[in-house]
Amino acid sequence: MTIDLEALYIDLHRHPELSFQETRTAGVVTQRLAELGLEFEEGIGRTGVVTVIRNPSSSAGESGEGPVVWLRADMDGLPVEERTGLAYASTARGVDPAGTDVPVMHACGHDMHVTCLLGALEKLVQTKDEWAGTVVAVFQPAEEYGAGAQAMIADGVMDRFPRPDIVLGQHLTPLPAGTIGVRSGTQMAASDGLTVMLYGRGGHGSRPHSTIDPVVMAAATVMRLQTIVSREVDPRDVAVVTVGSIHAGLKNNIIPAEAKLELSLRYPDDEARERVLEKVERVIRAEAAASGSEQEPVITTDHTLPPTINDIHATAQLTLAFDDAFGQGTVVDPGMFTGSEDVSWFAREAGVPLVYWFWGGVDPQAYAEASAAGTLERDIPTNHSPFFAPVLQPTIERGVDALVVAAREFLGDRRTA
Ligand code: ZN
Ligand code: ZN
């Protein structure tokens, strides 16, 4: 290895950056790409970086670029104050979009994602005589905003670089280091964030009959929304309707004119999304009407994330490849996560399969002890925790090798050509 991956990881971990501010990180990436002799373009979707390894088959009659495999890593940190106590813990600070000074930490492992993708690119460069095709490495900004993939697409990433035949990516998770978690079908939920404005008619708190009270309207709406999952969604399906924020009024004797709700919705697929969204809108409009509101509620979508759906055939093929490379028992089914990701925008935009897997970064002995004691939830820090602290090895090695094995599985093989 030319790149000292442990030193690279520690450097990235010490210098996390908030979403769409990953300029130092992008600089580290481009420096390493240059050292590997790879050309790149930067500033894609604001701070994204893309490099292409072209390795067309030389056999007569073949043309084109061969299979095009996209490997994606996200780069952003989070506004979290690190409390791991590690020698290389972050003390970085940043300014969030509201202009607030905040602590910054790689609490989701995106520093590990970048490290492993650079390590995988070096291995793929070194083994070019063994494979044929095209590797496109995508270093994406702002996954934590759910906005980076779309920003890169809006910036023409699909047209400026070879379009993918398959999109691959990986995420660190609190499994034992060395273990890979992947499942066919829905791996992560789809999600929408909605803002709802409810309109009443303000007035004096002593004269409610002359007003239309948006506080009562909002309260009734919140309670009725709870019945969507409990009464209208098939109990065998997964859905979440959370009202995470409710604001109305300033003073006890003034009935305000409006109320604001903020909702987080989760579902496993597009059909469930359509059904739940329709029910949410029906309840909001009906409760406004029941209150006698004279102005229709306004429902705004703040963000939309598609479900992360792993292609059935590609996932089965890749699971076998992981088994071959790492041994039986390495791959587990982690179940569906109700968290969401923006990686699948790339596969959706191109209309191609996606496989997105998780891999562990927890000290296997600590994991085994917590598992035996039934204290996994308490003792093993999850992503976004201030205590999130993946062990360096075998996490880095397995992350690099998983990307290489996966890329090679879907590229051409020069040795058998
Ligand atoms: Zn995260
Ligand atoms: Zn993440």
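Not measured: the values here are computed from a predicted model. Counting starts at 1 for both ligands and their atoms, following the listed order. The figures here come from the full heavy-atom set of this structure, side chains too, leaving out hydrogens, waters and symmetry mates.
Side-chain rings of Trp70 and Phe161 stay apart, their centers remaining 6.0 Å or farther from each other. Ring-centre distance between His106 and His15: not below the 6.0 Å cut-off. Ring-centre distance between Phe358 and Phe337: below the 6.0 Å cut-off. Tyr9 has its ring centre less than 6.0 Å from the ring centre of His13.
Counting only protein N, O or S atoms, the number found under 2.8 Å from the Zn ion (ligand 2) is 3.
For the side chain to side chain donor-acceptor pair (under 3.5 Å) with Ser19, the qualifying choice from Asp76, Asp96, Asp74 is Asp76, the only one to do so.
Ring pair His113/Trp359 is tilted by interplanar angle, where 30° to 60° counts as tilted.
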